[in-house]
Amino acid sequence: MEEMQYFHNGRDSALRNEPFRRTGIEITGDVPWGTHFCMFYSSKEDLLDILIPYFRAGLEGGEFCMWITSKPLTKNAAQTAMRKAMPGFDKYLETGQIEILAHDEWYVQDGVFDSDRVLRGWVERHDRMREKGFRGLRLSGNTFWLEKETWQDFMLYEEAINGVIGNYRMLALCTYSMDRCGAAEILDVARTHEFVLANKGNRWTMVENAQIKQTKEALYRNNEKLEILSDTAALLLKSSDPQTVVESLCRRVMDFLDCQVFFNYLADDGKACLRLNAWSGIPEETAKSIEWLQYGEAVCGCAARDARGIVAEDIPETPDPRTDLVRSFGIRA
């Protein structure tokens with residue numbers, strides 16, 4: 001699966017700053033770009049119950065939509081259902097905002113399923129439609145066409161999607177027939193999707209995959225960290241007076257770390273001590289009282305003198321005298 005590295009080249013750094021997308025599905029609510037989920041259905045009505053509001057929300061939200069169909073809901077039946085449920089649907093077809101294809105027009109070519117080709121196809125469609133001004137790609141594919149000999153390859157494809165979709169403005173909803181899935185297949189599907197929808201007694205329920213959720217959150221947080229580092233370097237290099245951008249950068253780092261106070265001291269060579277340049281979390285009068293700091297005084301002065309970071313995790317209880325000043329401000333760590 002080394003080819004999958006190709007898909008990370010198109011990462012959009014603004015993904016995390018965009019508001020969540022409306023799924024149109026009541027039980028799921030709004031989700032972020034990069035969400036890959038699935039549903040189990042027992043009938044054509046189940047499919048329509050979820051997919052019609054899902055695609056309606058995408059079209060109304062300015063997204064490009066792709067619907068890959070298979071039994072029991074054909075391409076023509078899907079178009080007819082959308083026309084019935086959404087007045088003016090034909091204009092979306094005419095402008096090319098939605099494509100509805102049969103499974104053998106997308107997943108299978110010459111009788112062969114090629115996961116790399118399909119994944120590359122999603123990314124190419126996404127990039128092309130972003131250039132045309134659409135907000136992103138909303139897709140759904142029905143897997144009724146899958147046979148036993150193709151199952152494992154398709155599960156590897158589903159796993160690969162999780163490593164791709166988070167880098168783009170994409171939402172993916174995969175649909176699986178309950179009649180064609182045994183216990184092992186159901187576990188495979190649940191394992192490879194962020195959450196699962198199922199109709200139980202005419203009531204839709206949702207089950208989340210905690211492992212995938214945690215992995216995605218960790219990836220998002222790492223990406224956010226990399227963005228902060230990149231933006232910090234760019235701003236400091238561009239600025240003719242780097243001291244002036246420190247405060248905005250520190251506030252962004254505070255938000256990321258969920259901390260409440262920061263002090264930024266600069267070396268004053270003329271006075272051979274440190275001067276408070278920027279701060280947050282203490283009153284201005286207090287800041288004036290600690291405007292000047294000697295090397296070796298308090299945490300900041302010792303860090304500057306020794307050119308070493310200092311970590312104090314339990315300031316109220318530590319006997320370290322270097323923490324006396326920050327302890328007086330109520331800082332705990």
Looking at Arg191 and Asp188, is there a salt bridge between them, counting it only when a charged N and a carboxylate O are closer than 4.0 Å? yes
Side chain to side chain contact (heavy atoms under 4.5 Å, CB included) partner of Arg169, chosen from Arg21, Arg138, Arg130: Arg130
Between Tyr107 and Thr143, is the side-chain contact (heavy atoms from CB on, under 4.5 Å) condition met? List the steps. CA-CA 9 Å; Tyr107 285 124; Thr143 60; 5.5 Å; no
Neighbour count above 12 (heavy atom, 6.0 Å) for Asp314 CG: yes
Are the side chains of Phe55 and Ile100 in touch, meaning some heavy atoms are under 4.5 Å apart? no
Are more than 12 heavy atoms, taken from residues, nucleotides or ligands other than Glu284, located less than 6.0 Å from that residue's CD atom? no
I'd like to know if the side chain of Asp153 reaches the main chain of Glu149, judged simply by a donor and an acceptor atom lying under 3.5 Å from each other, with no hydrogens or angles considered. no
Is it true that Tyr41 and Ile27 fall in one hydrophobic cluster, defined by side-chain heavy atoms closer than 4.5 Å? yes
I need the Asp268 CG to Leu276 CG distance, nearest 0.5 Å. 12.5 Å
Within-4.5 Å side-chain heavy-atom neighbours: Met170 and Val123: yes
Side-chain touch His103/Lys75, heavy atoms, less than 4.5 angstrom: no
Closer than 4.0 angstrom, basic N to acidic O: yes or no for Asp255 and Arg252? no
Quick one, Leu137 with Met66, criterion side-chain contact (heavy atoms from CB on, under 4.5 Å). Give me CA distance, side-chain angles, the key distance, then yes/no. CA-CA 8 Å; Leu137 168 62; Met66 285 192 70; 4.1 Å; yes
Apply side-chain contact (heavy atoms from CB on, under 4.5 Å) to Met82 and Gln79, showing your working. CA-CA 5 Å; Met82 286 298 291; Gln79 288 186 8; 5.9 Å; no
Report yes if the side chains of Phe329 and Val261 come closer than 4.5 Å at any heavy-atom pair, otherwise no. no
Value for CD1 (Ile282) from NZ (Lys288), rounded to nearest 0.5 Å, stands at 12.0 Å
Working to the nearest 0.5 Å, report the span between CD of Glu99 and CD1 of Ile68. 7.5 Å
Can you label the angle between the Phe113 ring and the Tyr157 ring as parallel, tilted or perpendicular, going by 30° and 60°? perpendicular
Main chain of Leu146, side chain of Thr150: is a donor-acceptor contact present, judged purely on distance under 3.5 Å? no
After noting the C-alpha distance and the side-chain angles of Phe144 and Leu73, does the key distance pass the side-chain contact (heavy atoms from CB on, under 4.5 Å) rule? CA-CA 10 Å; Phe144 191 90; Leu73 190 64; over 6 Å; no
Atom CZ of Arg332 with >12 non-hydrogen neighbours under 6.0 angstrom: no
Heavy-atom nearest pair, Cys302 first then Ile310, reads CB-CD1, 3.8 Å
Closer than 3.5 angstrom, by distance alone: can the side chain of Glu185 be matched with the main-chain N or O of Gly182 as a donor-acceptor pair? yes
Option passing side chain to side chain contact (heavy atoms under 4.5 Å, CB included) with Asn162 (candidates His193, His36, Glu194): His36
Within the 4.5 Å heavy-atom criterion, are Ile290 and Tyr265 side-chain neighbours or not? yes
Might you point out which heavy atoms bring Thr28 and Met206 nearest each other, and give the distance in Å? CG2-SD, 3.8 Å
Has Asp46 got a side-chain atom pairing as donor or acceptor with Phe40's backbone, closer than 3.5 angstrom? no
With a 4.5 Å cut-off on side-chain heavy-atom distances among I, L, V, M, F, W and Y, is there a chain of contacts connecting Leu325 to Phe262? no
Under a 3.5 Å distance rule, please check whether Ser140 uses its side chain to pair with a backbone N or O of Cys174 as donor and acceptor. no
Is there a continuous path of hydrophobic side-chain contacts, each under 4.5 Å between heavy atoms, that joins Val246 to Leu249? no
What distance separates Glu291 CD from Cys273 SG, expressed to the nearest 0.5 Å? 9.5 Å
Would a distance-only check, ignoring hydrogens and angles, find a side-chain to backbone donor-acceptor pair under 3.5 Å from Asp110 to Val112? no
Can you tell if the side chain of Phe37 reaches within under 4.5 Å of the side chain of Ile25, non-hydrogen atoms only? yes
Going hydrophobic residue to hydrophobic residue with side-chain gaps under 4.5 angstrom, can you get from Leu101 over to Leu139? yes
Looking at OG1 of Thr35 and CG of Leu173, how far apart are the two atoms once the value is rounded to the nearest 0.5 Å? 11.0 Å
Check whether Leu51 and Leu93 end up in the same hydrophobic cluster, where Ile, Leu, Val, Met, Phe, Trp and Tyr are linked by side-chain heavy atoms less than 4.5 Å apart. yes
Side chains of Asn199 and Ile50, heavy atoms from C-beta outward: is any pair under 4.5 Å? no
I'd like to check Arg83 versus Asp90 (side-chain heavy atoms, cut-off strictly below 4.5 Å). Are they in contact? yes
Side chain Gln260, main chain Asp258, donor-acceptor under 3.5 Å: yes
Between the CG atom in Leu197 and the OG1 atom in Thr205, the distance rounded to the nearest 0.5 Å is 7.5 Å
Looking only at heavy atoms, which two atoms of Trp33 and Gly136 are closest? And how far apart? CH2-CA, 3.7 Å
Less than 3.5 Å apart, any donor N or O on the side chain of Thr323 or Thr318 sitting next to an acceptor on the other? no
What is the minimum heavy-atom distance between Leu171 and Tyr54, and which atoms define it? O-OH, 3.4 Å
I'd like to know if Glu147 pairs up with Arg180 as an ion pair, taking the criterion as any Lys NZ or Arg NE/NH1/NH2 lying under 4.0 Å from an Asp or Glu carboxylate oxygen. yes
Return the minimal non-hydrogen interatomic distance between Thr69 and Thr74, and the atom names on each side. OG1-C, 3.8 Å
Option among Tyr168, Trp106, Phe64 that satisfies the ring-ring contact (aromatic ring centres under 6.0 Å, His included) test with Trp122: Trp106
Atom of Leu59, atom of Gln97 and distance for their closest heavy-atom approach: O-NE2, 2.9 Å
